[in-house]
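Keep in mind that the numbers below use all heavy atoms, side chains included, and drop hydrogens, waters and symmetry copies. Counting starts at 1 for both ligands and their atoms, in listed order. Just so you know, residue 1 is the first one in the sequence shown, and it goes up from there.
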Amino acid sequence: MFRGSFGSVLYDKNSVQTIRVDTPSARYDVVAGTGLLATLAPRIERVGGRLPRRVFVLTSPEIWALWGEAFQASFAEPPIALFLPAGEKHKTLASVEKLLRQMVAAGGDRGSLLIAFGGGIVGDVGGFVAAAFMRGIPYVQVPTTFLSQVDSSVGGKTGVNLPEGKNLVGSFHHPLAVFADIGVLGTLPDRELRSGLMESVKAGIIRDRTLVRFMEEHVDEILRRDAKALEKVIAASIRMKADVVNRDERESGLRMILNFGHTLGHAIEQVTRYKAMLHGEAVGWGMVAALHLAKKRGTISSRQAERLESLIFLYGPLPPLKVRAAKLVAASGSDKKNVGGVRRFVLPVGIGDAGVVEDVTPAELEAAAIYMLARAAERHA
Ligand SMILES: NC(=O)c1ccc[n+]([C@@H]2O[C@H](COP(=O)([O-])OP(=O)(O)OC[C@H]3O[C@@H](n4cnc5c(N)ncnc54)[C@H](O)[C@@H]3O)[C@@H](O)[C@H]2O)c1
Ligand SMILES: [Zn+2]
(Lines give C-alpha, C1' and ligand atoms only; values in the text may rest on other atoms or scores of the structure.)
(Ligands and ions follow the chains in the order given, each with its own letter.)
Protein backbone atom coordinates (compact mmCIF):
# COMPACT_ATOMS: atom_id res chain seq x y z
CA MET A 1 0.00 0.00 0.00
CA PHE A 2 1.16 3.43 -0.87
CA ARG A 3 0.36 5.89 1.85
CA GLY A 4 1.32 9.10 3.39
CA SER A 5 2.55 11.43 0.69
CA PHE A 6 -0.72 13.28 0.59
CA GLY A 7 -0.95 13.62 4.32
CA SER A 8 0.36 17.15 4.24
CA VAL A 9 -1.55 18.39 1.22
CA LEU A 10 -3.84 21.21 2.22
CA TYR A 11 -7.07 20.23 0.53
CA ASP A 12 -9.55 21.85 2.67
CA LYS A 13 -10.16 25.46 1.96
CA ASN A 14 -13.77 24.50 2.49
CA SER A 15 -14.96 22.62 5.50
CA VAL A 16 -15.51 18.92 5.21
CA GLN A 17 -17.07 16.46 7.60
CA THR A 18 -15.83 12.94 8.01
CA ILE A 19 -18.07 10.22 9.34
CA ARG A 20 -16.75 6.76 10.10
CA VAL A 21 -18.55 3.55 9.12
CA ASP A 22 -17.21 0.77 11.28
CA THR A 23 -18.90 -2.62 10.92
CA PRO A 24 -17.64 -6.17 11.45
CA SER A 25 -16.83 -6.41 7.74
CA ALA A 26 -15.63 -2.94 6.82
CA ARG A 27 -14.28 0.32 8.10
CA TYR A 28 -14.28 3.40 5.93
CA ASP A 29 -14.94 7.11 5.91
CA VAL A 30 -17.80 9.02 4.41
CA VAL A 31 -16.50 12.49 3.60
CA ALA A 32 -19.01 15.26 2.90
CA GLY A 33 -18.18 18.81 1.87
CA THR A 34 -18.11 21.38 -0.89
CA GLY A 35 -15.54 21.11 -3.67
CA LEU A 36 -14.35 17.56 -2.99
CA LEU A 37 -14.12 16.71 -6.70
CA ALA A 38 -11.10 19.00 -7.05
CA THR A 39 -9.05 16.72 -4.79
CA LEU A 40 -10.70 13.38 -5.51
CA ALA A 41 -7.71 11.43 -6.87
CA PRO A 42 -5.36 12.21 -3.96
CA ARG A 43 -8.15 11.53 -1.51
CA ILE A 44 -8.71 8.10 -3.04
CA GLU A 45 -4.97 7.37 -2.99
CA ARG A 46 -4.85 8.30 0.64
CA VAL A 47 -7.32 5.57 1.54
CA GLY A 48 -6.61 2.98 -1.14
CA GLY A 49 -2.97 3.40 -2.03
CA ARG A 50 -1.56 4.38 -5.41
CA LEU A 51 -4.20 4.32 -8.14
CA PRO A 52 -4.05 1.10 -10.18
CA ARG A 53 -3.41 0.91 -13.92
CA ARG A 54 -7.12 0.61 -14.67
CA VAL A 55 -9.45 2.98 -12.90
CA PHE A 56 -13.04 2.85 -14.11
CA VAL A 57 -15.70 5.45 -13.50
CA LEU A 58 -19.31 4.39 -13.86
CA THR A 59 -21.59 7.33 -14.50
CA SER A 60 -24.53 8.42 -16.64
CA PRO A 61 -24.21 10.54 -19.80
CA GLU A 62 -26.13 13.42 -18.17
CA ILE A 63 -23.96 13.55 -15.09
CA TRP A 64 -20.79 13.23 -17.14
CA ALA A 65 -21.85 16.13 -19.37
CA LEU A 66 -22.39 18.32 -16.30
CA TRP A 67 -19.56 17.21 -14.07
CA GLY A 68 -17.18 15.01 -16.08
CA GLU A 69 -14.56 17.68 -16.49
CA ALA A 70 -14.56 18.58 -12.81
CA PHE A 71 -14.43 14.89 -11.96
CA GLN A 72 -11.34 14.27 -14.07
CA ALA A 73 -9.44 17.36 -12.96
CA SER A 74 -7.51 15.70 -10.15
CA PHE A 75 -6.49 12.55 -12.07
CA ALA A 76 -3.11 12.43 -13.83
CA GLU A 77 -4.53 9.67 -16.10
CA PRO A 78 -8.24 10.07 -16.90
CA PRO A 79 -10.27 7.10 -15.61
CA ILE A 80 -11.99 4.87 -18.17
CA ALA A 81 -15.59 6.05 -18.37
CA LEU A 82 -18.43 3.49 -18.43
CA PHE A 83 -21.97 4.67 -18.93
CA LEU A 84 -25.32 3.63 -17.52
CA PRO A 85 -28.30 5.49 -18.98
CA ALA A 86 -30.46 7.25 -16.37
CA GLY A 87 -33.58 5.54 -15.08
CA GLU A 88 -34.65 2.61 -12.94
CA LYS A 89 -35.29 0.49 -16.04
CA HIS A 90 -31.53 0.22 -16.57
CA LYS A 91 -30.87 -1.08 -13.06
CA THR A 92 -30.76 -4.65 -14.36
CA LEU A 93 -28.60 -7.73 -14.62
CA ALA A 94 -28.37 -7.05 -18.36
CA SER A 95 -26.67 -3.71 -17.61
CA VAL A 96 -24.36 -5.44 -15.13
CA GLU A 97 -23.30 -8.01 -17.72
CA LYS A 98 -22.69 -5.33 -20.31
CA LEU A 99 -20.55 -3.31 -17.92
CA LEU A 100 -18.56 -6.33 -16.76
CA ARG A 101 -17.78 -7.20 -20.38
CA GLN A 102 -16.73 -3.63 -21.11
CA MET A 103 -14.35 -3.81 -18.17
CA VAL A 104 -12.80 -7.03 -19.43
CA ALA A 105 -12.45 -5.55 -22.91
CA ALA A 106 -10.73 -2.49 -21.46
CA GLY A 107 -8.14 -4.62 -19.66
CA GLY A 108 -9.64 -4.55 -16.19
CA ASP A 109 -8.16 -7.00 -13.71
CA ARG A 110 -8.33 -7.91 -10.05
CA GLY A 111 -6.32 -4.86 -9.15
CA SER A 112 -8.69 -2.45 -10.87
CA LEU A 113 -10.70 0.18 -9.06
CA LEU A 114 -14.21 1.34 -9.86
CA ILE A 115 -15.65 4.72 -8.96
CA ALA A 116 -19.44 5.05 -8.98
CA PHE A 117 -20.18 8.67 -9.89
CA GLY A 118 -23.90 9.36 -9.96
CA GLY A 119 -27.15 8.95 -8.08
CA GLY A 120 -28.41 5.90 -6.23
CA ILE A 121 -28.91 3.89 -9.39
CA VAL A 122 -25.32 4.33 -10.52
CA GLY A 123 -24.18 3.63 -6.95
CA ASP A 124 -26.21 0.45 -6.58
CA VAL A 125 -25.22 -0.91 -9.99
CA GLY A 126 -21.60 0.22 -9.61
CA GLY A 127 -21.31 -1.41 -6.21
CA PHE A 128 -22.75 -4.64 -7.53
CA VAL A 129 -20.45 -4.62 -10.58
CA ALA A 130 -17.50 -4.09 -8.23
CA ALA A 131 -18.71 -6.93 -6.00
CA ALA A 132 -18.97 -9.29 -8.97
CA PHE A 133 -16.04 -8.36 -11.21
CA MET A 134 -13.29 -10.97 -10.69
CA ARG A 135 -15.12 -11.93 -7.46
CA GLY A 136 -14.80 -8.43 -6.09
CA ILE A 137 -12.71 -5.33 -6.64
CA PRO A 138 -12.56 -2.20 -4.52
CA TYR A 139 -14.80 0.71 -5.34
CA VAL A 140 -15.43 4.25 -4.25
CA GLN A 141 -18.77 6.03 -4.09
CA VAL A 142 -19.03 9.60 -5.34
CA PRO A 143 -22.78 10.21 -4.97
CA THR A 144 -24.32 13.12 -6.89
CA THR A 145 -27.95 13.24 -5.72
CA PHE A 146 -29.12 14.31 -2.30
CA LEU A 147 -30.65 10.89 -1.74
CA SER A 148 -27.49 9.01 -2.66
CA GLN A 149 -25.35 11.31 -0.49
CA VAL A 150 -27.43 10.83 2.65
CA ASP A 151 -28.68 7.32 2.12
CA SER A 152 -27.81 4.88 -0.66
CA SER A 153 -24.03 5.39 -0.76
CA VAL A 154 -23.71 4.50 2.92
CA GLY A 155 -24.17 1.00 4.26
CA GLY A 156 -22.81 -1.36 1.62
CA LYS A 157 -26.06 -2.51 0.01
CA THR A 158 -25.64 -2.94 -3.73
CA GLY A 159 -27.79 -4.57 -6.37
CA VAL A 160 -30.24 -4.46 -9.23
CA ASN A 161 -33.92 -5.07 -9.93
CA LEU A 162 -35.67 -8.07 -11.45
CA PRO A 163 -38.87 -7.84 -13.47
CA GLU A 164 -40.47 -9.39 -10.35
CA GLY A 165 -39.43 -6.58 -8.05
CA LYS A 166 -36.95 -3.95 -6.96
CA ASN A 167 -33.53 -4.72 -5.49
CA LEU A 168 -34.15 -8.48 -5.49
CA VAL A 169 -30.58 -9.29 -6.54
CA GLY A 170 -27.56 -7.90 -4.81
CA SER A 171 -24.77 -8.16 -2.34
CA PHE A 172 -23.27 -6.38 0.61
CA HIS A 173 -20.09 -4.78 -0.70
CA HIS A 174 -18.78 -1.75 1.18
CA PRO A 175 -16.87 0.97 -0.65
CA LEU A 176 -13.30 2.01 0.19
CA ALA A 177 -14.69 5.43 0.90
CA VAL A 178 -17.57 7.76 0.05
CA PHE A 179 -16.95 11.31 -1.14
CA ALA A 180 -20.10 13.40 -1.18
CA ASP A 181 -19.41 16.72 -2.91
CA ILE A 182 -22.20 19.07 -1.92
CA GLY A 183 -21.36 21.46 -4.79
CA VAL A 184 -22.51 18.85 -7.30
CA LEU A 185 -26.04 19.21 -5.93
CA GLY A 186 -26.16 22.65 -7.58
CA THR A 187 -27.46 21.10 -10.81
CA LEU A 188 -29.91 18.68 -9.21
CA PRO A 189 -33.55 19.32 -10.20
CA ASP A 190 -35.54 20.85 -7.37
CA ARG A 191 -37.93 17.92 -7.21
CA GLU A 192 -35.03 15.46 -6.75
CA LEU A 193 -33.66 17.62 -3.94
CA ARG A 194 -36.99 17.79 -2.12
CA SER A 195 -37.53 14.08 -2.57
CA GLY A 196 -34.08 13.29 -1.14
CA LEU A 197 -34.74 15.61 1.78
CA MET A 198 -37.51 13.25 2.90
CA GLU A 199 -34.81 10.78 3.91
CA SER A 200 -33.30 13.49 6.12
CA VAL A 201 -36.71 14.21 7.61
CA LYS A 202 -36.89 10.48 8.29
CA ALA A 203 -33.40 10.52 9.83
CA GLY A 204 -34.44 13.27 12.20
CA ILE A 205 -37.72 11.69 13.21
CA ILE A 206 -36.26 8.28 14.06
CA ARG A 207 -33.00 9.33 15.65
CA ASP A 208 -32.06 13.00 15.76
CA ARG A 209 -34.33 15.63 17.25
CA THR A 210 -31.66 18.31 16.71
CA LEU A 211 -31.88 17.61 12.99
CA VAL A 212 -35.68 17.94 13.17
CA ARG A 213 -35.32 21.35 14.76
CA PHE A 214 -32.62 22.43 12.30
CA MET A 215 -34.78 21.42 9.35
CA GLU A 216 -37.77 23.27 10.81
CA GLU A 217 -35.76 26.44 11.31
CA HIS A 218 -33.74 26.54 8.07
CA VAL A 219 -36.18 25.61 5.32
CA ASP A 220 -35.29 28.55 3.07
CA GLU A 221 -31.53 28.07 3.29
CA ILE A 222 -31.82 24.35 2.70
CA LEU A 223 -34.10 24.68 -0.31
CA ARG A 224 -31.88 27.49 -1.64
CA ARG A 225 -29.00 25.00 -1.35
CA ASP A 226 -26.97 27.18 0.94
CA ALA A 227 -23.75 25.17 1.31
CA LYS A 228 -23.50 25.48 5.07
CA ALA A 229 -27.12 24.48 5.66
CA LEU A 230 -26.92 21.53 3.26
CA GLU A 231 -23.69 20.38 4.81
CA LYS A 232 -25.32 20.32 8.24
CA VAL A 233 -28.32 18.31 7.06
CA ILE A 234 -26.25 15.93 4.96
CA ALA A 235 -23.65 15.28 7.65
CA ALA A 236 -26.31 14.69 10.32
CA SER A 237 -28.23 12.31 8.04
CA ILE A 238 -25.09 10.35 7.15
CA ARG A 239 -24.09 10.23 10.81
CA MET A 240 -27.49 8.77 11.68
CA LYS A 241 -27.31 6.12 8.97
CA ALA A 242 -23.67 5.25 9.72
CA ASP A 243 -24.46 4.91 13.40
CA VAL A 244 -27.34 2.52 12.71
CA VAL A 245 -25.34 0.50 10.18
CA ASN A 246 -22.41 0.29 12.62
CA ARG A 247 -24.68 -1.33 15.17
CA ASP A 248 -26.52 -3.59 12.75
CA GLU A 249 -24.79 -4.11 9.43
CA ARG A 250 -27.05 -6.87 8.09
CA GLU A 251 -30.42 -5.57 9.17
CA SER A 252 -31.12 -8.12 11.86
CA GLY A 253 -32.62 -5.55 14.18
CA LEU A 254 -31.92 -1.85 14.57
CA ARG A 255 -31.26 -1.20 10.86
CA MET A 256 -34.92 -1.92 10.33
CA ILE A 257 -35.80 1.52 11.76
CA LEU A 258 -34.38 3.07 8.56
CA ASN A 259 -37.55 1.71 7.02
CA PHE A 260 -39.72 4.30 8.76
CA GLY A 261 -42.32 5.53 6.25
CA HIS A 262 -41.22 2.87 3.80
CA THR A 263 -43.87 0.18 4.37
CA LEU A 264 -46.60 2.29 2.83
CA GLY A 265 -44.03 4.24 0.78
CA HIS A 266 -43.00 1.06 -1.03
CA ALA A 267 -46.66 0.07 -1.38
CA ILE A 268 -47.41 3.42 -3.03
CA GLU A 269 -44.48 2.98 -5.42
CA GLN A 270 -45.61 -0.53 -6.27
CA VAL A 271 -49.29 0.29 -6.75
CA THR A 272 -48.47 3.33 -8.91
CA ARG A 273 -45.88 1.25 -10.80
CA TYR A 274 -43.03 3.61 -9.89
CA LYS A 275 -44.50 6.22 -12.23
CA ALA A 276 -46.46 8.61 -10.04
CA MET A 277 -43.74 9.76 -7.70
CA LEU A 278 -40.11 9.70 -6.73
CA HIS A 279 -38.99 7.42 -3.92
CA GLY A 280 -38.67 10.18 -1.34
CA GLU A 281 -42.10 11.53 -2.23
CA ALA A 282 -43.67 8.12 -1.65
CA VAL A 283 -41.78 7.90 1.64
CA GLY A 284 -43.10 11.35 2.53
CA TRP A 285 -46.67 10.07 2.19
CA GLY A 286 -45.71 6.84 3.94
CA MET A 287 -44.43 8.85 6.90
CA VAL A 288 -47.68 10.82 7.05
CA ALA A 289 -49.52 7.51 7.40
CA ALA A 290 -47.06 6.06 9.90
CA LEU A 291 -47.30 9.19 12.08
CA HIS A 292 -51.05 8.74 12.19
CA LEU A 293 -50.68 5.12 13.24
CA ALA A 294 -48.14 6.13 15.90
CA LYS A 295 -50.52 8.78 17.24
CA LYS A 296 -53.33 6.22 17.43
CA ARG A 297 -51.08 3.84 19.32
CA GLY A 298 -49.88 6.62 21.58
CA THR A 299 -46.15 6.31 20.84
CA ILE A 300 -46.28 9.99 19.89
CA SER A 301 -48.65 12.71 21.05
CA SER A 302 -51.10 14.49 18.77
CA ARG A 303 -48.96 17.62 19.01
CA GLN A 304 -45.84 15.74 18.00
CA ALA A 305 -47.65 14.09 15.10
CA GLU A 306 -48.87 17.47 13.90
CA ARG A 307 -45.41 19.00 14.22
CA LEU A 308 -43.74 16.19 12.26
CA GLU A 309 -46.41 16.14 9.59
CA SER A 310 -45.88 19.88 9.10
CA LEU A 311 -42.16 19.25 8.70
CA ILE A 312 -42.86 16.77 5.90
CA PHE A 313 -45.05 19.29 4.10
CA LEU A 314 -42.45 22.05 4.55
CA TYR A 315 -40.25 20.06 2.18
CA GLY A 316 -43.11 18.98 -0.08
CA PRO A 317 -45.04 19.44 -2.27
CA LEU A 318 -45.87 15.77 -2.42
CA PRO A 319 -47.61 14.68 -5.62
CA PRO A 320 -51.31 13.80 -5.61
CA LEU A 321 -52.16 10.32 -4.52
CA LYS A 322 -55.31 8.64 -5.78
CA VAL A 323 -55.32 4.93 -5.05
CA ARG A 324 -57.45 2.63 -2.94
CA ALA A 325 -56.40 2.13 0.67
CA ALA A 326 -57.11 -1.60 0.48
CA LYS A 327 -54.77 -1.92 -2.49
CA LEU A 328 -51.97 -0.29 -0.50
CA VAL A 329 -52.55 -2.62 2.43
CA ALA A 330 -52.44 -5.64 0.11
CA ALA A 331 -49.24 -4.38 -1.52
CA SER A 332 -47.57 -3.77 1.84
CA GLY A 333 -48.10 -7.44 2.72
CA SER A 334 -45.59 -8.40 0.04
CA ASP A 335 -42.86 -6.03 1.30
CA LYS A 336 -39.54 -7.85 1.26
CA LYS A 337 -38.78 -6.61 4.78
CA ASN A 338 -41.53 -8.88 6.06
CA VAL A 339 -39.90 -12.12 7.12
CA GLY A 340 -41.87 -15.33 7.57
CA GLY A 341 -45.19 -13.58 7.09
CA VAL A 342 -44.55 -11.19 9.97
CA ARG A 343 -45.54 -7.64 9.10
CA ARG A 344 -42.90 -5.34 10.55
CA PHE A 345 -43.70 -1.72 11.04
CA VAL A 346 -41.54 1.16 12.29
CA LEU A 347 -43.16 3.56 14.73
CA PRO A 348 -41.62 6.78 15.99
CA VAL A 349 -41.42 7.08 19.74
CA GLY A 350 -41.55 10.76 20.63
CA ILE A 351 -39.28 12.84 18.41
CA GLY A 352 -35.86 11.38 17.64
CA ASP A 353 -36.49 7.77 18.56
CA ALA A 354 -38.26 4.80 16.98
CA GLY A 355 -39.03 1.14 17.47
CA VAL A 356 -40.21 -1.80 15.42
CA VAL A 357 -43.51 -3.56 16.08
CA GLU A 358 -44.79 -6.78 14.58
CA ASP A 359 -48.42 -6.64 15.55
CA VAL A 360 -49.80 -3.93 13.31
CA THR A 361 -53.07 -5.24 11.94
CA PRO A 362 -54.30 -4.78 8.36
CA ALA A 363 -57.17 -2.71 9.82
CA GLU A 364 -54.73 -0.30 11.50
CA LEU A 365 -52.74 -0.04 8.29
CA GLU A 366 -55.86 0.63 6.32
CA ALA A 367 -56.93 3.36 8.75
CA ALA A 368 -53.50 4.97 8.38
CA ALA A 369 -53.73 4.73 4.58
CA ILE A 370 -57.21 6.27 4.62
CA TYR A 371 -55.93 9.16 6.75
CA MET A 372 -53.01 9.69 4.35
CA LEU A 373 -55.28 9.63 1.29
CA ALA A 374 -57.58 12.17 2.93
CA ARG A 375 -54.61 14.48 3.59
CA ALA A 376 -53.56 14.04 -0.03
CA ALA A 377 -57.05 14.88 -1.27
CA GLU A 378 -57.14 17.98 0.96
CA ARG A 379 -53.81 19.26 -0.29
CA HIS A 380 -54.69 18.70 -3.91
CA ALA A 381 -58.29 19.85 -3.72
N1 LIG B 1 -28.26 0.86 -1.53
C2 LIG B 1 -29.09 1.46 -0.70
O3 LIG B 1 -28.96 1.34 0.51
C4 LIG B 1 -30.19 2.30 -1.25
C5 LIG B 1 -30.93 3.13 -0.39
C6 LIG B 1 -31.89 3.97 -0.94
C7 LIG B 1 -32.13 3.96 -2.30
N8 LIG B 1 -31.41 3.14 -3.12
C9 LIG B 1 -31.62 3.13 -4.57
O10 LIG B 1 -31.26 4.40 -5.09
C11 LIG B 1 -31.96 4.59 -6.32
C12 LIG B 1 -32.48 6.00 -6.38
O13 LIG B 1 -31.40 6.90 -6.32
P14 LIG B 1 -31.56 8.45 -6.66
O15 LIG B 1 -32.72 8.99 -5.96
O16 LIG B 1 -30.23 9.07 -6.44
O17 LIG B 1 -31.99 8.45 -8.19
P18 LIG B 1 -31.19 8.36 -9.56
O19 LIG B 1 -29.91 7.66 -9.42
O20 LIG B 1 -32.16 7.86 -10.56
O21 LIG B 1 -30.91 9.89 -9.90
C22 LIG B 1 -32.01 10.74 -10.11
C23 LIG B 1 -31.85 11.60 -11.36
O24 LIG B 1 -30.95 12.68 -11.09
C25 LIG B 1 -29.97 12.78 -12.11
N26 LIG B 1 -28.78 13.33 -11.45
C27 LIG B 1 -27.97 12.72 -10.60
N28 LIG B 1 -27.07 13.58 -10.09
C29 LIG B 1 -27.32 14.78 -10.66
C30 LIG B 1 -26.74 16.07 -10.53
N31 LIG B 1 -25.77 16.31 -9.66
N32 LIG B 1 -27.25 17.07 -11.29
C33 LIG B 1 -28.29 16.84 -12.13
N34 LIG B 1 -28.89 15.66 -12.28
C35 LIG B 1 -28.41 14.63 -11.54
C36 LIG B 1 -29.84 11.38 -12.62
O37 LIG B 1 -29.30 11.35 -13.92
C38 LIG B 1 -31.27 10.89 -12.57
O39 LIG B 1 -31.97 11.31 -13.71
C40 LIG B 1 -33.05 3.55 -6.37
O41 LIG B 1 -32.74 2.58 -7.34
C42 LIG B 1 -33.03 2.93 -4.97
O43 LIG B 1 -33.39 1.58 -4.96
C44 LIG B 1 -30.45 2.32 -2.61
ZN1 LIG C 1 -35.69 5.30 1.22
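Under 3.5 Å, the side chains of Trp67 and Thr187 contain a donor-acceptor pair of N or O atoms. Side-chain contact annotation: Glu249 with Thr23, donor-acceptor N/O pair under 3.5 Å present. Side-chain N/O atoms of Tyr28 and His174 include a donor and acceptor closer than 3.5 Å. With 3.5 Å as the limit, one finds no donor-acceptor pair spanning the side chains of His292 and Glu309.
Atom 10 (O) of ligand 1 has as its closest protein heavy atom Gly120 CA, 3.4 Å. Nearest protein heavy-atom neighbour of atom 36 (C) of ligand 1: Ile63 CD1, 4.3 Å. If you check which protein heavy atom lies closest to atom 41 (O) of ligand 1, you get Lys91 NZ, 2.8 Å. With hydrogens left out, the protein atom closest to atom 27 (C) of ligand 1 is Thr145 CG2, 3.2 Å, a heavy atom. Summary of contacts: the protein heavy atom closest to atom 39 (O) of ligand 1 is Ala86 CB, 3.9 Å. Looking at atom 3 (O) of ligand 1, its nearest protein heavy atom turns out to be Lys241 NZ, 3.6 Å. Among protein heavy atoms, atom 9 (C) of ligand 1 sits closest to Asp124 OD2, 3.4 Å. Residue, atom and distance of the protein heavy atom nearest to atom 20 (O) of ligand 1 are Ile121 CD1, 3.3 Å.
Near Gly119, the atoms of ligand 1 lying under 4.0 angstrom from a non-hydrogen atom of the residue are 16 (O), 19 (O). Counting atoms of ligand 1 from 1 in the listed order, those under 4.0 Å from a heavy atom of Leu66 are 32 (N), 33 (C). Residue contact check: Glu88 has heavy atoms under 4.0 Å from atoms 40 (C), 41 (O) of ligand 1. Counting atoms of ligand 1 from 1 in the listed order, those under 4.0 Å from a heavy atom of Asn167 are 43 (O).
More than 12 heavy atoms of other residues, nucleotides or ligands shown are found within 6.0 angstrom of CZ on Arg297. Taking a 6.0 Å sphere around NZ of Lys91, one finds it holds more than 12 heavy atoms contributed by other residues, nucleotides or ligands.
Considering backbone and side-chain N/O atoms, Glu192 never comes within less than 3.5 Å of an N/O atom of ligand 1. In terms of polar-atom proximity, Thr144 is counted as a contact of ligand 1, with an N or O under 3.5 Å from an N or O of the ligand. Taking only nitrogen or oxygen atoms, main chain and side chain alike, Val184 reaches within less than 3.5 Å of ligand 1.
For the side-chain hydrogen bond (donor to acceptor under 3.5 Å, both in side chains) with Arg20, the lone residue among Asn246, Asp29, Asp243 that qualifies is Asp29.
Shown here, atom 25 (C) of ligand 1 is out of close reach of the protein: none of its heavy atoms lies under 4.0 Å off.
Comment: Asp190 engages Arg225 in a salt bridge, judged by a side-chain N to carboxylate O separation of less than 4.0 angstrom. Contact check on Lys202 versus Glu199 returns a salt bridge, with a Lys/Arg side-chain nitrogen under 4.0 Å from an Asp/Glu carboxylate oxygen.
Protein atoms that are N, O or S and lie under 2.8 Å from the Zn ion (ligand 2) are these: Glu199 OE2, His262 NE2, His279 NE2.
The aromatic rings of His218 and Phe214 sit parallel, their planes meeting at an angle under 30°, below the 60° perpendicular limit.
Considering only non-hydrogen atoms, atom 40 (C) of ligand 1 lies nearest to Lys166 out of Lys157, Gln149, His90, Lys166. Of all the listed residues (Thr187, Val150, Thr158), Thr187 holds the heavy atom that lies closest to atom 30 (C) of ligand 1.
Formation of a donor-acceptor pair under 3.5 Å by the Asp181 side chain with backbone atoms of Thr34 is not found in this model.
A cation-pi arrangement is present between Lys295 and Tyr371 under the rule of less than 6.0 angstrom and at most 45 degrees off the ring axis.
Contact annotation for Leu188 and ligand 1: heavy atoms of both the backbone and the side chain come within less than 4.0 Å of the ligand. Residue-level proximity to ligand 1 for Val154 is absent, since no heavy atom of it falls below 4.0 angstrom.
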Under 3.5 Å, which donor-acceptor pairs do the side chains of residues 73-86 form with other protein atoms, sequence neighbours left out?
| from | atom 1 | to | atom 2 | distance (Å) |
| --- | --- | --- | --- | --- |
| Ser74 | OG | Leu40 | N | 3.4 |
| Ser74 | OG | Ala41 | N | 2.9 |

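Residues passing the ring-ring contact (aromatic ring centres under 6.0 Å, His included) test with Tyr315, sequence neighbours excluded: none. Gln17 meets the side chain to side chain contact (heavy atoms under 4.5 Å, CB included) test with Glu231, Ala235, Arg239; sequence neighbours excluded.
Ligand 1 has no atom lying under 4.0 Å from any heavy atom of Leu185.
With a 4.5 Å cut-off on side-chain heavy atoms, Ile300 and Ile351 do not count as touching.
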